[in-house]
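Indexing begins at 1, ligand by ligand and atom by atom, following the structure's order.
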Amino acid sequence: MSTAKFTRAIVRQIPDSIRDHSEANEYNARYGLPPVEPIDLELARKEHAEYTQTLRDLGLDVTVLPADESLPDCPFVEDTCVVVGNKALLTRPYSESRRREVDAVNRVLMGLGLEIHQVDDEEATLEGGDVFFTGHEFFVGNSTRTNIKGIEFLRKTFPEYPVHAIPLAPPELHLKGVACIAAPGVIAVCESDWGIAAWKAIQEQAEFSYEALWTPVPDVDSPFIDDHTCDVIYFNGNLIHCMEEEGPKSVEIFAEKFPDLNRSEATVGELQNVDAGLTCCSLIF
Ligand code: CIR
């Protein structure tokens, strides 16, 4: 993992329009998944405010962008950009309805003087939820949301690092939903068929060595418990993971594996109804 210190985060508030117009509706319909449960907006905003406060408490300078009602999925800022060091690659989200989300994030990053690159090929798609950086190399999901042309932009922007494309079959949305950097040299991987396949591909392609930390597959009787709990946030010796009530087995696994990390719990609970993971509500750099 890079020793560079992370100092900033960007988050974006939740528009009312997310309740009826999130891309999750279209996604679930396309892949035969159950219809999206309506979001309790008040609860979602409370959880989002607590999530934001957790980032502040851990020392980050957090920019909170206002919601945009014309962009229902705008709180998922992670998808709009990949930032490493002083370089930022503005992405091109898969859905037309999400493309303008990058503009507000771009303005913040430009104001901070970052070197900005952009996915500007009409055939390329890339979403930040598919990308994780280990400090030495990138792993990027070749998924329903990110294609090979999009991955090429990551290679062109960061020629100093290897970029490895990891196949991800639907209905999994993003790579970080099944494998995610959890600490230097440790990748949290969900013990599902998708996670196992991703880990195999990671091992085949990695140029550095990593250990897998397996997180459990949800129980069929309680499918939201321990679901996607590999999606964690690591920076500056801090690990943010799911709440104990969301992932009791996972929290035990993190506690045992990382006695020396400063662990915090956070949730984007209500937003999980529209396919949000923990990492997707912030851009940390
Ligand atoms: C979408 O389908 O694009 C949004 N409803 C969810 C995006 C979540 N992004 C992420 O986990 N990185």
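Residue contact check for ligand 1: Phe76 places a non-hydrogen atom closer than 4.0 Å to it. Assignment of Arg145 to the shell around ligand 1 is supported, since a heavy atom sits closer than 4.0 Å.
Taking the charged nitrogens against the carboxylate oxygens, Glu42 and Lys46 have no contact shorter than 4.0 Å, which rules out a salt bridge. The pair Glu23-Arg30 does not count as a salt bridge, with every side-chain nitrogen at least 4.0 angstrom from each carboxylate oxygen. Using a cut-off of 4.0 Å between Lys/Arg side-chain N and Asp/Glu carboxylate O, Glu152 and Arg155 are scored as salt-bridged. Contact check on Asp61 versus Arg8 returns a salt bridge, with a Lys/Arg side-chain nitrogen under 4.0 Å from an Asp/Glu carboxylate oxygen. Salt-bridge formation is not detected for the pair Asp130/Lys176: no Lys NZ or Arg NE/NH1/NH2 atom is positioned less than 4.0 Å from an Asp or Glu carboxylate oxygen.
The ligand atoms of ligand 1 that sit less than 4.0 angstrom from a heavy atom of Ala24 are 2 (O), 5 (N). Residue contact check: His174 has heavy atoms under 4.0 Å from atoms 9 (N), 10 (C), 11 (O), 12 (N) of ligand 1. Near Glu78, meaning under 4.0 Å from one of its heavy atoms, ligand 1 places the atoms 10 (C), 12 (N). Within ligand 1, the atoms closer than 4.0 Å to a non-hydrogen atom of Asp79 are 7 (C), 8 (C), 9 (N), 10 (C), 12 (N), numbered from 1 in the order shown. Less than 4.0 angstrom separates some heavy atom of Gly129 from each of these atoms of ligand 1: 12 (N).
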Going by atom type alone, with no hydrogens or angles, which donor-acceptor pairs under 3.5 Å involve a side-chain atom of residues 184-194 and a protein atom two or more places apart or on another chain?
| residue | atom | partner | partner atom | Å |
| --- | --- | --- | --- | --- |
| Ser192 | OG | Trp194 | N | 3.4 |
| Ser192 | OG | Gly195 | N | 3.1 |
| Trp194 | NE1 | Ala169 | O | 2.9 |

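Here Arg98 has side-chain heavy atoms under 4.0 Å from ligand 1, and that is the only part of it that gets that close. Counting heavy atoms under 4.0 Å from ligand 1, residue Lys176 does not touch it at all.
What sits closest to atom 10 (C) of ligand 1 on the protein, heavy atoms only, is Cys280 CB, 2.9 Å. For atom 8 (C) of ligand 1, the nearest non-hydrogen atom of the protein is Asp275 O, 3.4 Å.
Thr229 and Glu246 share no donor-acceptor pair across their side chains, judged by distance under 3.5 Å alone. Donor-acceptor pairing under 3.5 Å is lacking for the side chains of His21 and Glu26.
Checking Asp73, Leu271, Val274 against atom 6 (C) of ligand 1, the nearest heavy atom belongs to Val274.
Here's the thing with Ser22: one of its N/O atoms is less than 3.5 angstrom from an N/O atom of ligand 1.
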